[in-house]
Amino acid sequence: MRVAVAAGPGRTALLKELADDGTGQGAGVLLNDLPDAVASYALNGPVRWVWADSAQTYPALLRAGVRVDRCHDVRLVEALLTGRDGRPDEPGPAGPGAAERGAGGLAADRPASGPGRLAAGQQAALFGPAEPGLGETSAALDQLVAAHAGQLRRIAADPHPGRFGLLAAVESAGGLVAAEMQARGVPWRADVHDTLLASLLGARPPAGLQPPRLAELASRISAAFGGRPVNPDSPAQLTKAFATDGIRITSTRSWVLRDVDHPAVPLLLEYKELARLHTANGWAWLDEWVSGGRFRPEYVVGGVVSGRWATRGGGALQIPRVLRRAVVADPGWVLVVADAAQLEPRVLAALAGDHAFAEAAGTGDLYQALAGAFGGDRAKAKVALLSAMYGGAGGEASQLLAVLRRRFPRADQYVEAAARAGEEGRVVRSRLGRACPPPSAEWRGLTAAPDEPDAADQRARRSLRARGRFTRNFVVQASAADWALVLLAGLRRRLAELDDRPAGGLDGPGLVFFQHDEVIVHCPEAMAGDVVAAVAAAAEEAGRLVFGDTPVRFPVSTAVVSSYADAK
DNA sequence: TTCCGTTGCGCG
DNA sequence: AAAGCGCGCAACGGAA
């Protein structure tokens with residue numbers, strides 16, 4: 001059953017039960033305590049909660065110890081539909097359901113970004129109560145019900161309503177997972193982190209000062225440039241210093257410096273690595289982001305055009321590998337680290353339906369299985385695949401792509417067609433129907449110019465190629481994100497089933513990390529076997545739900561470890 | 001002082 | 001012939 005709910009003052013809310021088509025009868029029912037009502041509703045049978053925004057509503061429920069099984073997140077689904085249909089004020093695609101675009105203004109009007117929400121909060125604090133009165137709540141409920149019903153119609157009007165409906169469901173589930181993971185937090189040993197920093201950087205310096213090891217390297221770098229003061233953090237100063245010594249460099253990137261013969265280079269490479277650790281994940285980061293033994297990043301579901309997640313603050317998806325040793329399970333608990341192997345090429349195999357390619361993707365090591373086509377060289381197979389998916393063709397890649405084209409024509413044609421669509425300004429979609437953004441007005445203006453061998457045409461050609469690479473990659477990356485989201489939703493459901501405590505709060509086994517093709521579950525040691533099985537089952541289910549009948553396998557490697565550093 | 005584009009590098 | 005995809009964050013340095 002679907003039940004719409006709009007939060008009111010305090011813990012109150014208005015609730016309305018919905019028919020299958022999303023319509024509701026009569027006025028909303030007033031609830032004095034939303035968390036209580038949600039918890040007791042679940043006792044009567046499965047409920048899909050329909051609300052405007054999990055990120056707004058769900059954290060309070062979690063704080064009250066109430067988790068929900070399913071929801072329809074009107075904000076997230078609206079973003080999917082808007083991506084498909086375009087917005088009235090921009091020249092987007094006009095797909096099925098476009099006539100109903102804008103029907104659910106409720107979600108679209110809400111600022112999606114963090115700064116936007118902050119501003120709204122500040123505004124409320126300045127000008128009045130943040131919480132709506134009953135009248136406003138009633139209007140919000142009506143608007144919610146109408147928006148949701150409109151979304152159901154727009155989903156049904158999709159050329160593939162089953163797939164797109166699945167996408168809406170798992171995107172909504174993602175919103176629940178994101179809130180739960182933030183509330184739960186990644187188990188993080190600040191003492192291990194601190195020890196690691198001290199061993200690499202020296203003793204923690206007073207605020208604003210450089211760690212000893214960095215200061216020492218900086219002075220040795222200056223000495224290597226003949227005693228001239230050089231700030232190693234400044235590309236401009238470094239370039240100038242090298243020029244003074246007769247060395248011209250195109251940039252100060254480490255892979256460029258690596259090939260430069262100068263006594264400062266090894267020092268600079270070491271400095272860059274340590275400075276990066278200090279500025280990005282040093283003591284300041286530890287102070288700001290880790291408390292009570294947990295790292296609690298804020299996840300942004302659908303924050304990436306491809307459907308991957310982003311995070312706000314803390315750089316949770318860029319945690320350097322060296323810090324993984326600070327991610328340690330609680331005593332008596334373990335981390336189940338699960339990683340989808342070679343996900344994107346497998347997704348391409350399933351998308352393209354290339355028989356020979358798909359057969360290879362039915363095995364454990366896809367690249368090894370393809371090696372035969374490339375003279376038995378696994379590395380060449382990998383380069384060919386990556387080039388096909390990213391649009392690269394440097395070095396020997398073009399030769400390898402020719403081999404790919406000959407041996408696996410449908411796989412090649414699939415990404416080529418996506419690239420062509422992009423270059424022509426069209427929109428492509430993932431397997432479950434997530435649409436890539438349309439080209440910008442600037443892009444259209446630039447590429448509309450007729451072909452002429454002048455500078456403007458060079459830019460136009462570059463823009464065309466760039467968009468081709470984007471859409472070429474989008475179909476693969478976004479479909480991989482589809483798969484990962486289905487896996488995540490299925491794993492969440494299975495983990496809840498493993499947790500036999502009636503309350504089912506955040507104290508039991510649960511997801512604590514999700515990074516594109518990798519998840520971490522924190523659970524009691526005794527449950528590890530069940531969790532590993534749940535991961536495998538969820539992965540199998542994801543392959544079936546997203547791609548249907550395909551020989552392609554999506555193997556997931558799992559490691560049961562105490563520390564994240566011990567996985568892999 | 002604040003703002004913003006650029007540079008560089010971490011992750012997938 | 002050359003070009004590879006997607007992000008977030010911090011520091012620099014010039015502009016406002």
Side-chain angles (χ1 to χ4, degrees), chain A residues 113-114 210 214 230-240 249-257 268-269 271-282 284-285 288-289 297-300 302-324 339-345 347-348 382-398 400-401 415 418-419 422-423 428 430 434 436-437 458-459 461-481 484 513-519 564 568:
Chain A
S113 71
Q210 262 191 333
L214 283 182
V230 177
N231 177 0
D233 289 321
S234 166
Q237 290 185 30
L238 277 180
T239 304
K240 206 174 293 178
I249 50 175
T250 54
S251 85
T252 62
R253 292 185 177 90
S254 53
W255 63 269
V256 171
L257 293 182
L268 273 170
L269 294 177
Y271 178 92
K272 279 172 171 287
E273 199 174 326
L274 294 178
R276 165 78 194 183
L277 179 65
H278 178 240
T279 57
N281 298 102
W285 182 91
E288 183 177 356
W289 290 102
E298 181 182 359
Y299 296 91
V300 186
V304 179
V305 287
S306 64
R308 284 181 170 186
W309 291 12
T311 59
R312 217 154 22 218
L317 302 184
Q318 293 87 33
I319 298 297
R321 302 181 74 95
V322 66
L323 275 188
R324 292 183 179 184
D339 186 309
Q342 305 162 340
L343 178 58
E344 293 194 349
V347 164
L348 174 56
K382 184 172 179 177
V383 168
L385 258 296
L386 293 177
S387 298
M389 293 188 298
Y390 288 156
E396 59 174 353
S398 56
L400 299 176
L401 279 174
V415 286
E423 293 191 11
V428 296
S430 73
R434 190 185 306 267
C436 82
Q458 286 289 327
R459 282 208 307 280
R461 207 189 305 278
R462 264 201 300 277
S463 294
L464 281 173
R465 297 283 181 255
R467 183 164 169 84
R469 287 192 300 276
F470 168 61
T471 50
R472 169 195 293 272
N473 183 254
F474 181 93
V475 292
V476 177
Q477 187 184 116
S479 298
F513 193 59
F514 170 51
Q515 187 180 31
H516 313 315
D517 61 359
E518 181 176 1
V519 297
Y564 187 19
K568 283 190 178 176

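Below, read A as the first sequence line, B as the second, and so on, with proteins coming before strands; counting in each chain starts at 1.
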In whole angstrom, what separates [X]'s [atom1] from [N]'s [atom2]?
X: D517(A); N: dG12(B); atom1: CG; atom2: P; result: 8 Å
X: L214(A); N: dA11(C); atom1: CG; atom2: P; result: 12 Å
X: L317(A); N: dC9(C); atom1: CG; atom2: P; result: 9 Å
X: Y299(A); N: dC11(B); atom1: OH; atom2: C1'; result: 13 Å
X: L274(A); N: dG10(B); atom1: CG; atom2: P; result: 11 Å
X: E518(A); N: dG6(C); atom1: CD; atom2: C1'; result: 17 Å
X: L268(A); N: dC9(B); atom1: CG; atom2: P; result: 10 Å
X: L269(A); N: dC9(B); atom1: CG; atom2: P; result: 9 Å

Compare the minimum distances between each of [options] and the side chain of [X], then state the nucleotide with the smallest one.
X: S234(A); options: dG13(C), dG4(C), dG8(B); answer: dG13(C)
X: R253(A); options: dG8(B), dG8(C), dG6(C); answer: dG8(B)
X: V304(A); options: dC11(B), dC7(C), dC5(C); answer: dC7(C)
X: R324(A); options: dC11(B), dC12(C), dG10(B); answer: dC11(B)
X: R276(A); options: dC9(B), dC7(C), dC12(C); answer: dC9(B)

Less than 4.5 Å apart, side chain to side chain, heavy atoms only: is that true for [X] and [Y]?
X: T311(A); Y: V300(A); value: no
X: R472(A); Y: M389(A); value: no
X: S306(A); Y: F470(A); value: no
X: K272(A); Y: L257(A); value: yes
X: N281(A); Y: P320(A); value: yes

Please confirm whether the backbone N or O of N231(A) pairs with a side-chain atom of Q237(A), one donor and one acceptor, at under 3.5 Å?
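Yes, the answer is positive, given that a donor and an acceptor are paired below the 3.5 Å cut-off.
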Between R324(A) and Y564(A), is there a donor-acceptor pair closer than 3.5 Å when you use the side chain of the first and the backbone of the second?
no
Pairwise P distance, dA2(C) and dC9(B) [rounded to whole Å]:
24 Å
May I ask you to verify if any side-chain N or O of [X] is less than 4.0 angstrom from the OP1 or OP2 atom of [N]?
X: Q477(A); N: dC7(C); value: no
X: N281(A); N: dG10(B); value: no
X: T252(A); N: dG8(B); value: yes
X: K272(A); N: dG8(B); value: no

Scan [X] against the nucleic acid and name what it touches under 4.0 Å (heavy atoms): base, sugar-phosphate only, or nothing.
X: Q237(A); value: sugar-phosphate
X: R321(A); value: sugar-phosphate
X: R465(A); value: nothing
X: L386(A); value: nothing
X: G303(A); value: nothing
X: T279(A); value: sugar-phosphate
X: V305(A); value: sugar-phosphate
X: R467(A); value: nothing

Where each residue is assigned the nucleotide of DNA chain C containing its nearest heavy atom, which of S398(A) and H516(A) is assigned the position nearer the 5′ end?
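Taking each residue's closest nucleotide, the earlier one in sequence belongs to S398(A).
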Under 3.5 Å, is there an N or O donor on one side and an acceptor on the other linking the side chain of R312(A) and the base of dG8(C)?
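By the distance-only test, no, there is no pair.
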Presence of donor-acceptor pair under 3.5 Å, side chain of R469(A) and base of dC5(C)
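A donor-acceptor contact between them is absent.
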Is dG4(C) syn or anti, taking syn as a glycosidic angle within 90° of 0?
syn
Return the pairing partner of dC4(B) with a 3.5 Å limit on both distances, Watson-Crick or G-U wobble; otherwise return none.
dG13(C)
